[in-house]
Amino acid sequence: MKELELKYGCNPNQKPSRIYMKNGEELPIQVLNGRPGYINFLDAFNGWQLVKELKQATGLPAATSFKHVSPAGAAVGLPLSDTLAKIYWVDDLGELSPLACAYARARGADRMSSFGDFISLSDVCDADTARLIKREVSDGVIAPGYEPEALEILKAKKNGNYNVIQIDPDYVPEALEHKDVFGITFEQGRNELKIDEEFFQNNVTKNQDLTEQAKIDLAISMITLKYTQSNSVCYVKDGQAIGIGAGQQSRIHCTRLAGTKADNWWLRQSPQVMNLPFVDSIRRADRDNAIDLYIGDDYMDVLADGEWQKIFKEKPEVFTREAKREWLDKLTDVALGSDAFFPFGDNIERAHKSGVKYIAQPGGSVRDDNVIETCDKYGMVMSFTGIRLFHH
């Protein structure tokens with residue numbers, strides 16, 4: 001298949017629409033089910049590159065959950081603790097395969113943003129992963145292959161219309177890439193930068209103790225940023241992104257946005273949230289929305305009389321600012337990557353509030369001294385990579 005006609009482009013009024021190979025070769029994909037659209041393929045191809053590189057960097061199966069051409073979550077296949085299994089709503093599925101664990105982590109970190117995602121998997125999709133995908137609201141999945149049972153499970157999703165794409169894992173794109181904007185063609189060399197543990201050698205802070213886990217987490221953060229719309233910042237903890245701030249014009253807004261998502265991920269693990277007495281009939285998406293409101297500033301939207309009865313069996317106590325801060329102070333050893341330099345120390349101050357200890361960024365700001373000084377104030381380790389990772 002050398003080209004595939006799509007229903008429409010980014011929006012229904014943008015027709016015609018297709019994907020094809022300019023060099024006349026066969027497309028490196030097969031659509032096994034459904035009818036993927038323009039944005040679906042943008043998410044699929046960006047996500048596939050991300051998980052392929054995560055697998056190469058860590059040796060572990062990897063998954064990502066994409067929305068609007070940026071990852072909502074990305075992770076490698078480490079086992080789930082009982083707490084994580086519960087907050088990701090997979091504690092009823094028993095022991096999961098490493099690939100299923102990777103997707104549970106990628107999907108679970110920011111469930112609000114992952115609603116209706118496009119999934120990318122580094123490995124052949126197994127039945128465990130397919131069963132997990134089946135229960136979530138999702139547009140489709142791309143993987144290098146599918147076990148027969150997994151494919152049958154996925155084909156039954158969305159009344160038989162779920163998008164299932166298989167990609168040739170050996171496909172290598174051309175060295176130059178092109179993009180048309182306003183009838184004008186842009187050309188650039190592909191970003192073939194390899195990111196691994198060796199990427200973090202230039203530590204510029206007083207604390208030089210970059211642990212092996214920190215190197216892995218920083219690599220995950222930087223690979224994730226490589227395929228995230230810029231400006232972007234990514235917080236990572238124990239092999240998974242826990243907060244991604246994408247597409248912001250200001251670096252501090254990226255850091256705040258991603259930090260808030262990381263905070264929410266941690267707050268969801270607090271006993272006060274894990275023990276919320278939800279009514280038995282509540283749907284998964286409504287439960288996610290309720291938790292997001294409960295731990296935020298608009299908590300009265302779910303605690304007001306006449307409202308809480310729709311969600312909870314009994315009215316929960318308010319999760320006070322002081323109680324949240326006490327719990328957040330227990331989050332430690334978080335890694336943080338930035339796709340470009342931090343221009344001010346305020347980014348470090350915000351990162352500190354979310355438990356960040358390890359940082360990787362290009363460096364090169366005229367205020368690098370201020371940024372380093374702020375890191376030293378909190379005993380952080382910061383590595384200058386010298387490489388910017390803008391993605392548009």
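Predicted model only: the values in this text are computed from it and were never measured.
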**Asked** Between SG of C375 and CG of N370, what distance do you get to the nearest 0.5 Å?
**Response** 9.5 Å
**Closest heavy-atom pair and its distance - S354, G259** = OG-O, 3.5 Å
**Asked** Under a single-linkage definition using a 4.5 Å side-chain heavy-atom cutoff for Ile, Leu, Val, Met, Phe, Trp and Tyr, are L328 and W265 assigned to the same hydrophobic cluster?
**Response** yes
**Request:** Would you confirm whether T205, through its side chain, and M382, through its main-chain N or O, come within 3.5 Å as a donor-acceptor pair?
**Result:** yes
**Fill in**
Here the pair of heavy atoms bringing T64 nearest to P71 is OG1-CB, 3.6 Å
**Item:** Derivation and outcome, side-chain contact (heavy atoms from CB on, under 4.5 Å), residues I165 and W48
**Value:** CA-CA 11 Å; I165 303 170; W48 165 248; over 6 Å; no
**Request:** Give, for atom CD1 of I195 and atom CG of L389, the distance between the pair rounded to the nearest 0.5 Å.
**Result:** 5.0 Å
**Prompt:** Under the 3.5 angstrom rule, does the side chain of R105 hit a backbone N or O of L78 as a donor-acceptor pair?
**Reply:** yes
**Request:** State, with a plain yes or no, whether a side-chain heavy atom of F118 is found less than 4.5 Å away from one of I142.
**Result:** yes
**Message:** Is it the case that over 12 heavy atoms from other parts of the model lie below 6.0 angstrom from the NE2 atom of H68?
**Reply:** no
**Request:** Answer yes or no: are there more than 12 heavy-atom neighbours, outside Q208 itself, under 6.0 Å from its atom CD?
**Result:** yes
**Item:** Reported CD1-to-OG distance for the pair I242 and S221, which is rounded to 0.5 angstrom
**Value:** 11.0 Å
**Prompt:** Taking it one step at a time, do I87 and L84 satisfy side-chain contact (heavy atoms from CB on, under 4.5 Å)?
**Reply:** CA-CA 5 Å; I87 70 166; L84 289 181; 4.0 Å; yes
**Message:** Using side-chain contact (heavy atoms from CB on, under 4.5 Å), reason through I311 and D286 one step at a time and then give a plain yes or no.
**Reply:** CA-CA 8 Å; I311 303 166; D286 292 331; over 6 Å; no
**Request:** Taking only Lys NZ, Arg NE, NH1 and NH2, and the carboxylate oxygens of Asp or Glu, determine whether R284 and E136 approach each other closer than 4.0 Å.
**Result:** yes
**Request:** Please confirm whether the backbone N or O of S232 pairs with a side-chain atom of S230, one donor and one acceptor, at under 3.5 Å?
**Result:** no
**Message:** Ignoring hydrogens and geometry beyond distance, is a side-chain donor-acceptor pair present between Q272 and Y294 at under 3.5 Å?
**Reply:** yes
**Prompt:** For the atom pair CG (N203) and OG (S383), what is the distance rounded to the nearest 0.5 Å?
**Reply:** 5.0 Å
**Prompt:** With no hydrogens and no angle check, is any side-chain donor or acceptor of K158 less than 3.5 Å from a backbone partner on N163?
**Reply:** no
**Atom pair SG (C254) and CD (Q249), whose distance is rounded to the nearest 0.5 Å** = 8.5 Å
**Prompt:** Is the count of non-hydrogen atoms from other residues, nucleotides or ligands lying under 6.0 Å from E95 atom CD greater than 12?
**Reply:** no
**Request:** Please confirm whether the backbone N or O of P271 pairs with a side-chain atom of W327, one donor and one acceptor, at under 3.5 Å?
**Result:** no
**Item:** side chain to side chain contact (heavy atoms under 4.5 Å, CB included), paired with V141, selected from L154, L32, D117
**Value:** L154
**Prompt:** How are the rings of Y378 and H352 set relative to one another: parallel (under 30°), tilted (30 to 60°) or perpendicular (over 60°)?
**Reply:** parallel
**Prompt:** Looking only at atom types and distance, does a side-chain atom of N11 sit under 3.5 Å from a main-chain N or O of N13, one as donor and one as acceptor?
**Reply:** no
**Prompt:** Is any side-chain N of the basic residue among D263 and R350 closer than 4.0 Å to the acidic one's carboxylate O?
**Reply:** yes
**Asked** Can you get from I119 to F115 by hopping between Ile, Leu, Val, Met, Phe, Trp and Tyr side chains that sit under 4.5 Å apart?
**Response** no
**Request:** Check whether any side-chain N or O of S65 sits under 3.5 Å from a backbone N or O of R107 as a donor-acceptor pair, and report yes or no.
**Result:** no
**Item:** Check ion pair R251-D339 (N to O, under 4.0 angstrom)
**Value:** yes
**Item:** Close side-chain approach of M222 to I387, heavy-atom, < 4.5 Å
**Value:** no
**Distance-minimising heavy-atom pair for R388 and A340** = CG-CB, 4.0 Å
**Item:** D82 atom CG: more than 12 heavy-atom contacts under 6.0 Å
**Value:** no
**Prompt:** If you count the non-hydrogen atoms of other residues, nucleotides and ligands that lie under 6.0 Å from NZ in K353, is the total more than 12?
**Reply:** no
**Message:** Please check: side-chain N/O of S70 versus main-chain N/O of Q229, any donor-acceptor pairing under 3.5 Å?
**Reply:** yes
**Request:** Indicate yes or no for a side-chain donor-acceptor contact from N46 to the backbone of Y227 under 3.5 Å, with no hydrogens or angles considered.
**Result:** no
**Item:** Cluster overlap F199 with L336, hydrophobic side-chain contacts below 4.5 Å
**Value:** no
**Complete:** On a heavy-atom basis, the closest approach of R190 and P173 is NE-CG, 3.3 Å
**Prompt:** How about K22: does its NZ atom have over 12 heavy atoms from other parts shown lying under 6.0 Å from it?
**Reply:** yes
**Prompt:** Salt bridge between R325 and D329, side-chain N to carboxylate O under 4.0 Å?
**Reply:** yes
**Single-linkage hydrophobic cluster, 4.5 Å side-chain cutoff, V371 and I252 together** = no
**Request:** With side-chain contact (heavy atoms from CB on, under 4.5 Å) as the test, would you mind laying out the steps for T129 and S97 before giving the verdict?
**Result:** CA-CA 7 Å; T129 308; S97 69; 3.9 Å; yes
**Prompt:** Okay, side chain of D368, backbone of S365: is any donor-acceptor separation there less than 3.5 Å?
**Reply:** yes
**Request:** Identify the heavy atoms of M21 and P28 that sit nearest to each other, and give their distance.
**Result:** SD-CD, 4.0 Å
**Message:** Using a strict threshold of under 4.0 Å (side-chain N to carboxylate O), is an ion pair present between K67 and D110?
**Reply:** no
**Request:** Enter the distance from Y146:OH to N33:CG here, rounded to the nearest 0.5 Å.
**Result:** 10.0 Å
**Request:** Check K15 against K7 and note the closest heavy-atom contact, atom names and distance.
**Result:** CE-O, 3.9 Å
**Item:** Lys/Arg-Asp/Glu bridge criterion (N-O < 4.0 Å) met for E149, R131
**Value:** yes
**Asked** Do other residues, nucleotides or ligands put more than 12 heavy atoms under 6.0 Å from E3 CD?
**Response** yes
**Request:** Treat each ILVMFWY residue as a node, draw an edge where side-chain heavy atoms are under 4.5 Å apart, and state whether Y38 and Y20 are in one component.
**Result:** no
